[in-house]
Amino acid sequence: MSGSKAFVEGLKRENVDIMFGVTGGALLPICDELWGSDLRFVMARHEQGAAHMADGYARALGKVGVCLATSGPGATNLVTGIATANIDSAPVVAFTGQVPLSVVGTDAFQEVDIIGITASATKYNIQVRSPSEIPPAIKSAFHIAFTGRQGAVLVDLPKDCQINVEDIEFPDEVSFRGYNVNMTPDTREMDWAATLLSKARRPVIMAGGGVISSNASPEVIKIADMLMAPVVTSLMGKGSVPSDHPLFAGLCGMHGTGEANMLVSDADVLLVVGARFSDRTTARLEDFSRGAKVIHIDIDRSEVDKNVETVTRVIGDAKLALQGIIERLGKLSYEPRANGDWVKKMKMFKDQYSPHELSDNPHIRAPAVMRALRKALPRDALVTTEVGQCQMWAALYFDAYAPRTFFTSGGLGTMGWGFPAAIGAKAARPDVPVVDIAGDGSFGMTENSLATAVEEDLPVIVVVLNNRMLGMVAQWQRLFYGRRYMAVKLGEYPDFVKLADAYGAVGVRPETIGEFEKAVQTAIDDNLTTVIDVPIDPEENVFPMVPPGKGLRDILVEA
Amino acid sequence: MLPLNTIAFLVENKAGVLFKVSNMFRRRGFNIESISVGAVEDPQVARMTVSVYADSRELNQIVLQLEKMVDVIKVKRLDPMRSIMREMVLIKLDTVDPMAREETLKHVNAYHGLILHIDPESIIAEITGEPKTIDEFISKTRPIGIEELSRTGVTALEKGYLKL
């Protein structure tokens, strides 16, 4: 069997039915094998888009997403997408073509050392050295990407390994001496955590992306109810607890809500589930939750005590850990009602820090757009975001009601991620509307994915909060650099309505919130790729905000 | 100054693993003082010994980040009291002057070293010992005139029943 035949067969054995990619010279043998197979190949127009599509697909379904690129520039173009998926722990397997082994190392045409380049941007990477290594490489890639702390794996496929014929076996499983994922938490660790929680008077739960990847939302809600503990989320944890849950206090961090940041600062026990204390979540580390005993549940042991010192930790699958703690809490005597004052305090913070909204401004306000969008969409609609002001407005003002409905590039902060990721999410969930909440700067970075959305019939809605600015950088320049707007003004072009039209998509420019709602409704009803270009005030800031170098308590609700 | 620590670990003995390990140190900002690598009794496995300046928190992170790597099988930080640590240096000294030659032989003897090669202009000697012994030897022979030297980096085993 040829290597490329083994490749296609190997993917089928991993239940792959779709991949996102851009082909090229070093992929010709594989493409020829895909011809006539029932694997769907979604053609991206740029490899970065292909990787983001696979990422969006993976996050929406909780299944490995697959992307494919040719050697050299095809491979390097994938890198941003791979790094984005990996740092957000999204299971993505990337395949790259490579020049034949006989010329590897000679700086051949379209040769690049993608193994070296992606070594620190992947969970693991492998270069195949013969056709018979292809099936075990695929098996390993899917196993490593999907187990433990999920992440991105790259497999590099030299062209001769695709062409050559060898006796090929397909292993049912692979094992690594150095990679054993222990999902089951230690019982003593869970005892400790339960005891600490039972004694807490001001408990707070912080839910991170790990809650979503381990499908632990019901357990987080259950433990919050048992303890009467407010729940805050990291950016990656958004959606893990419904925004309308009475104990939900919103996002914590640099652009967190006032109540979330104050609760975390005042807590006596902080239960952190599947979050990694990114600097954007903790703000000034020395001030972070100083009075609290921190309990950290994580599948990745190296995250514990990396940034924040913990009192106790539970290493393992978040769902299993929470189930164990819930069971133990049930047997302990404790008085959650005593936490009633604490919940009252949460409500007080909520009133105190409710964001100010300017009513006399003639412009459409971004928070209002977020609320109108929420109103127009069904509860199970999927939303991706770009990065910058649009992302923070979405995080703060767009309510998410369920896990795997809100997706964002949290770790890498990749502008241009949201739109292709939305296309991938649409491929995963064609049954629900998918919306990318974008800014004009971000959308410009991957707008060529419009061709894929239209040609591949993966209709998504792009809401462009258009301030003709790289808005977040402009906000910092406005607040901390004396309004010296350097390299942030994007000018008058492109005209996004015409751009949409050029790609065969629908473009609209609403002038009021009413027109915006109508545009969203039409886009959902017609199920067509639609760019909704919403002009907003270039001077509008995202608040609340913790200024750089300050602690969570130093939150500003206005300039 | 941060203390010098020694970490020993087993890895898959295959192409690219040394790169991935050293790349992890670089990317996380840990500075390798020395590294030595070689296959063990099982040819599929190689043992690496790294010495690194780090405080206890960093050291903990290094161990955890190594353990997380797919190609790393087992990691241990070595307690210097319970381990034997050795390093070797090959050193070529300028011995044109007969006095220098005499000095060289004296020092090599004092450090229980070996003379590996003698020619009219120079002597190559081998010294084995703990890293600080090697440091000492180098500083004592510096006045003689060092043509060149090459150190292997530390390698280590734990004493008694302790093993990696």
Choice from [options] maximising heavy atom contacts with chain A below 4.5 Å:
options	result
Lys74(B), Lys68(B), Glu58(B)	Lys68(B)
Glu67(B), Arg27(B), Arg26(B)	Arg27(B)
Lys20(B), Arg57(B), Gln65(B)	Arg57(B)

Subject >> Name of the residue among Lys76(B), Lys163(B), Arg77(B) meeting salt bridge (charged side-chain N to carboxylate O under 4.0 Å, His left out) with Glu158(B) >> reply: Lys76(B)

Please determine if [X] and [Y] form a salt bridge, counting it only when a charged side-chain N lies under 4.0 Å from a carboxylate O.
X	Y	answer
Asp135(B)	Lys132(B)	no
Arg301(A)	Asp298(A)	no
Arg149(A)	Glu303(A)	yes
Asp42(B)	Arg177(A)	yes

Original post:
Contact part of Met24(B) toward chain A, heavy-atom cut-off under 4.5 Å: side chain, backbone, both or neither?
Top reply: neither

**OP:** Pick one of side chain, backbone, both or neither for Val70(B), based on which atoms fall under 4.5 Å of a heavy atom in chain A.
**Re:** both

Original post:
Is a side-chain donor or acceptor of Ser83(B) paired with a backbone partner of Met85(B) at a separation under 3.5 angstrom?
Top reply: no

Original post:
Side chains of Asp71(B) and Tyr179(A): donor-acceptor distance under 3.5 Å anywhere?
Top reply: no

**OP:** Would you please say whether a donor-acceptor pair under 3.5 Å links the side chains of Ser214(A) and Lys319(A)?
**Re:** no

Subject >> Region of Asn125(A) in contact with chain B, defined by heavy-atom distances below 4.5 Å >> reply: both

Subject >> Heavy-atom pair with the smallest gap, counting every atom of Ser409(A) and Thr414(A) >> reply: OG-N, 2.8 Å

Original post:
In terms of heavy-atom pairs under 4.5 Å, which option from Asp300(A), Ile144(A), Asn180(A), Val304(A) contacts chain B the most?
Top reply: Asp300(A)

Original post:
Which residues in residues 88-107 of chain B have a heavy atom less than 4.5 Å from any heavy atom of chain A?
Top reply: none

